[in-house]
Protein chains: 2
Amino acid sequence: MKIAENTKAGSQLLSERLAASGLRPTRQREHVYRILLQRRGHPAAGEVFLRAKRDLPGISMATVYNCLDALVKCGLVRLVVLDRGATRYCPNMEDHCHYFCAECGAVFDVPLPANASLSAPRPKGFKIDHYELAVHGVCADCAGKRKK
Amino acid sequence: MKIAENTKAGSQLLSERLAASGLRPTRQREHVYRILLQRRGHPAAGEVFLRAKRDLPGISMATVYNCLDALVKCGLVRLVVLDRGATRYCPNMEDHCHYFCAECGAVFDVPLPANASLSAPRPKGFKIDHYELAVHGVCADCAGKRKK
DNA sequence: CTAGGTGCAAAAGGTTTGCGGTTAA
DNA sequence: TTAACCGCAAACCTTTTGCACCTAG
């Protein structure tokens, strides 16, 4: 199933999901969510803030964080941390892993096979919420540049 | 093979590995490495700093970061980021994943099966350096406390 | 001797917090 | 009406940087 990308479907999904978590839909949250959907590449809060300001000149950084947290809380967005730098946000909730280029910081989503599951033993009593698989390395572009 | 834990073997391994990366062995680096080996639980730089000060009262935060980076560079330690909080450091270089309790912040190492490998397609030309698999959830202790 | 490492202090990010004013239900 | 949310600014914490002094090879 494709992620809702047009405005109407996106807004409605957003409202429902927020409501389900006891959160309100607001112009800012809608905007932040749309930015995440449009911009593949897993932007960090700072980049989301800059883009959001284009349409909502008054928006503040604190609000961006509030919106991102709300989206994470209602299950529409995942938080992705890959290095010591800023946290990124990923609106793709399907099972996938992140290929991360340590050189340029690019992130590529790669879907995981439907049957993917962890066969390793788990700590006794540990309640799993979700997995996060990151593959660190160098992307094709950077590998090319490096040779020169 | 067990990780070198006694002082002599540890020091020697450390010297060799540092030298192999063109880095010098120093009292501080040795100390930081030993702290990481002794303290399971993947401490962050701040905690390493506090422990290091007990024996090396003059050590500075900048040096701790320098040491940690040196250890990462020479392949003795891995950097682990799990949330928006501070980066952690893991001296276990065997294939394993991290079970992370979102409630108390505890981290449990779980070895991966020897044949573990990723069957998913990778982005064209991407050169893989290493994987990082994190399982987010709630540990047994916290799950227990939560019920009350 | 000298490149590399250390300690200090200041700065640079990134994220969180408190508070008065605003808004969705 | 009112609890939730916003914008602002300051605080906070982690990490990086510049520089003078020290040390391993």
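Because the structure is a prediction, the values reported are computed rather than measured. Below, all heavy atoms of this structure are taken into account, side chains as well, without hydrogens, waters or symmetry copies. In the text below, chain A, chain B and the rest are named by the order of the sequence lines, each starting its count at 1.
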Worksheet item: Crowded around B:Arg78 CZ? As in, over 12 foreign heavy atoms under 6.0 Å?
Response: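 Yes, CZ of B:Arg78 has more than 12 neighbouring heavy atoms, counting only those of other groups under 6.0 Å.
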Response to the item:
Distance col, row A:Cys101:SG vs B:Asp129:CG, nearest 0.5 angstrom, shows 11.0 Å
Rounded interatomic separation in angstrom, taking [atom1] from [X] and [atom2] from [N]:
X: B:Arg29; N: D:dA24; atom1: CZ; atom2: C1'; value: 11 Å
X: A:Glu16; N: C:dA25; atom1: CD; atom2: P; value: 14 Å
X: A:Leu18; N: C:dT23; atom1: CG; atom2: C1'; value: 15 Å
X: B:Leu23; N: D:dG25; atom1: CG; atom2: P; value: 12 Å
X: B:Arg27; N: D:dG25; atom1: CZ; atom2: P; value: 12 Å
X: A:Leu56; N: D:dC6; atom1: CG; atom2: P; value: 10 Å
X: A:Asp69; N: C:dT17; atom1: CG; atom2: P; value: 10 Å
X: B:Glu30; N: D:dA24; atom1: CD; atom2: C1'; value: 14 Å

Worksheet item: Does a side-chain N-to-carboxylate-O contact under 4.0 Å join A:Arg39 and A:Glu47?
Response: yes
Worksheet item: Between B:Asp55 and B:Arg34, does at least one N-O distance fall below 4.0 Å, as a salt bridge requires?
Response: no
What does the list of N/O pairs under 3.5 Å between the protein and nucleotides 8-15 of chain D look like, with a distance for each?
residue : atom : partner : partner atom : Å
D:dC8   : OP2  : A:Gly58 : O            : 3.3
D:dT15  : OP1  : B:Thr87 : N            : 3.0
D:dT15  : OP1  : B:Thr87 : OG1          : 2.9
D:dT15  : OP2  : B:Tyr65 : OH           : 2.3
D:dT15  : O5'  : B:Tyr65 : OH           : 3.0

Discussion item. As a test of reading the structure: which of C:dG7, D:dA24, D:dC5 is closest to the side chain of A:Asn66, going by heavy atoms?
Written reply: D:dC5
Discussion item. Counting only side-chain heavy atoms from C-beta out, which of D:dC5, D:dG25, C:dG5 sits nearest to B:Thr26?
Written reply: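 Given the options D:dC5, D:dG25, C:dG5, the side chain of B:Thr26 is closest to C:dG5.
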Practice prompt. Of all the heavy-atom pairs spanning A:Pro111 and A:His96, show the shortest one and how long it is.
Written response: CA-CB, 3.8 Å
Worksheet item: What heavy-atom pair brings B:Ala70 and B:Arg29 nearest, and what distance separates the two atoms?
Response: CB-NE, 3.7 Å
Item to complete: Answer yes or no: does a side-chain N or O of B:Gln28 lie under 4.0 Å from OP1 or OP2 of D:dT23?
Response: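 Indeed not, no polar side-chain atom of B:Gln28 lies that close.
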Discussion item. Run the side chain to side chain donor-acceptor pair (under 3.5 Å) test on B:Asp109 and B:His42 for me, step by step, so that the C-alpha distance in whole Å, both residues' side-chain angles and the decisive distance to 0.1 Å come before the verdict.
Written reply: CA-CA 9 Å; B:Asp109 281 14; B:His42 308 70; 2.8 Å; yes
Worksheet item: Quick one: does B:Arg24 reach the base of C:dA3 with a side-chain donor-acceptor pair under 3.5 Å?
Response: yes
